[in-house]
Engineer: 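This is the structure I want to talk about, given as structure tokens.
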Amino acid sequence: MVSLFWFTIRQVLFDRKTLLASLALLVPCGFIVLARTMGHTNSTASYWHQYHEILQMLLLGGIVPVLCMMFSPMLITSEAESGTLVYLVTRKHRKSTILITRYLATVAAVSLITVVALVCFQLSATVGLHPNQLGSGWINDKPWMDIAEYMAITPLAISSFLAVFTLIGFLTPRALIVSGGYLVFEVVMSNIPASAREYTVTHQLRKTMVASCRELYRVFPSSPMRPLEEYFPAGDSGFWPALGVTVVALALAALLLTVRETRAASYQRD
């Protein structure tokens, strides 16, 4: 399985989808460069707000889920397309084991390109600023401490969304439509003051961010329609609920794959 793990990483990194993913991940860099070009170079606080607004809204709340929806079909179907599925089956590996191995490798590969994109975004926001401008306006008074928070939460976000989209792929033949509907649910429900937001991965990720970065309250303006306490709820971290979603979704996907494998073997014996 170790060879399959590294093979999957190479497969993801050199896939055509990865080029599109890389371009999508660089979109936040374009936004911050555009903001700097439009004349906000003297406002560190402005950079700080733009930095977190873009990462929260565009990256964690949009691009990362789309990337996971894009890469989830590769976990099994790409084996058939590349001709390696027959090899794996003849090695008598369970398909559920193959699924989990490829899932972990895909999480690692997508996390890698996302972390590289985070570094590029950080550089686009800080390169060229005078050192005195970097001394205030950041969460931890050091710009590179901010990016560490997002680097830490990115693998959790990718793990959760990829597991959910993988499960959807096994539940319905119309996975793309259902996944798109789930993505809309995530975007809408995580941004409205309703109890249903607790059932979104995005909300749990925000709770995790606030648990380690309470200064995020200063980023988004509060209003009677959307108090910050609802948008970024203080209290318990959302790490364990998000991890629970990941484990349950992946376990159900592996169970469905095992049941199908068992039925196929039964039909062959008959």
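These numbers come from a predicted model, not from an experiment.
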Engineer: Atom CG of L162 and atom CG of L104: how far apart are they, to the nearest 0.5 Å?
Structural biologist: 9.5 Å
Engineer: Could you tell me which non-hydrogen atom of A21 sits nearest to which non-hydrogen atom of F71, and how far apart they are?
Structural biologist: CB-CE1, 4.0 Å
Engineer: Determine the minimum heavy-atom distance between A117 and C29, stating which atoms define it.
Structural biologist: O-SG, 4.3 Å
Engineer: Looking at L176, I want to see if its CG is surrounded by more than 12 non-hydrogen atoms of other residues, nucleotides or ligands under 6.0 Å.
Structural biologist: no
Engineer: What heavy-atom pair brings Q204 and A242 nearest, and what distance separates the two atoms?
Structural biologist: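 Q204 and A242 have their closest heavy atoms at CB-CB, 4.2 Å.
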Engineer: What pair of heavy atoms forms the shortest contact from S179 to M69, and how long is it?
Structural biologist: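 It is CB-SD, 3.4 Å.
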Engineer: Quick one: which of I153, I63, T154, L118 gives a side chain to side chain contact (heavy atoms under 4.5 Å, CB included) with L55?
Structural biologist: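 One option only clears the test, and that one is L118.
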Engineer: Using modelled atom types and a 3.5 Å cut-off, is there a donor and acceptor pairing between side-chain atoms of T208 and backbone atoms of F239?
Structural biologist: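 Yes; at least one donor-acceptor contact below 3.5 Å.
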Engineer: Walk me through whether L25 and L67 qualify under side-chain contact (heavy atoms from CB on, under 4.5 Å).
Structural biologist: CA-CA 9 Å; L25 287 169; L67 292 184; 3.7 Å; yes
Engineer: With clusters defined by side-chain heavy atoms of hydrophobic residues (ILVMFWY) lying less than 4.5 Å apart, directly or transitively, does V116 cluster with L20?
Structural biologist: no
Engineer: When clusters are formed by joining ILVMFWY residues with side-chain heavy atoms under 4.5 Å apart, either directly or through shared neighbours, do V2 and L13 land in the same one?
Structural biologist: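 Hydrophobic grouping puts V2 with L13.
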Engineer: Honestly curious: do L26 and V115 fall in one hydrophobic cluster under the side-chain, below-4.5 Å linking rule?
Structural biologist: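 No, L26 and V115 fall in different hydrophobic clusters.
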Engineer: Applying side-chain contact (heavy atoms from CB on, under 4.5 Å), run through L205 and F161 and close with a yes or a no.
Structural biologist: CA-CA 11 Å; L205 294 175; F161 284 119; 4.0 Å; yes
Engineer: Linking I/L/V/M/F/W/Y whenever any side-chain heavy atoms sit under 4.5 Å apart, do V184 and I177 land together?
Structural biologist: no
Engineer: CG/L171 to CG/L252 distance, rounded to the nearest 0.5 angstrom?
Structural biologist: 7.5 Å
Engineer: Between atom CG of L156 and atom CH2 of W240, what is the distance when rounded to the nearest 0.5 Å?
Structural biologist: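 Answer rounded to 0.5 Å: 10.5 Å.
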Engineer: What I'd like to find out is whether the side chain of E186 reaches to under 4.5 Å of the side chain of P65, using heavy atoms alone.
Structural biologist: no
Engineer: Decide whether S160 and T246 meet the rule of one side-chain donor and one side-chain acceptor closer than 3.5 Å.
Structural biologist: yes
Engineer: Aromatic contact between Y199 and F185, with the criterion being ring centroids under 6.0 Å apart: yes or no?
Structural biologist: no
Engineer: Taking all atoms of both residues into account, what is the closest heavy-atom pair of S159 and Y103, and its distance?
Structural biologist: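 In this case the closest contact between S159 and Y103 is O-OH, 2.7 Å.
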Engineer: With rounding to the nearest 0.5 angstrom, report the CE to CD distance, M151 to Q122.
Structural biologist: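 Answer for the CE-CD pair, M151 versus Q122, is 8.0 Å.
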Engineer: Nearest 0.5 Å, please: how far is CZ in R102 from CD in Q11?
Structural biologist: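 Q11 atom CD to R102 atom CZ measures 4.5 Å (nearest 0.5 Å).
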Engineer: With side-chain contact (heavy atoms from CB on, under 4.5 Å) as the test, would you mind laying out the steps for T166 and L99 before giving the verdict?
Structural biologist: CA-CA 10 Å; T166 299; L99 171 67; 4.0 Å; yes
Engineer: Starting from V245, can I reach V187 by hopping between I/L/V/M/F/W/Y residues whose side chains sit under 4.5 Å apart?
Structural biologist: no
Engineer: Would you compute the distance between atom CE of M70 and atom OG1 of T18 and round it to the nearest 0.5 angstrom?
Structural biologist: 9.0 Å
Engineer: What are the two closest heavy atoms between F170 and A253, and how far apart are they?
Structural biologist: CD1-CB, 3.7 Å
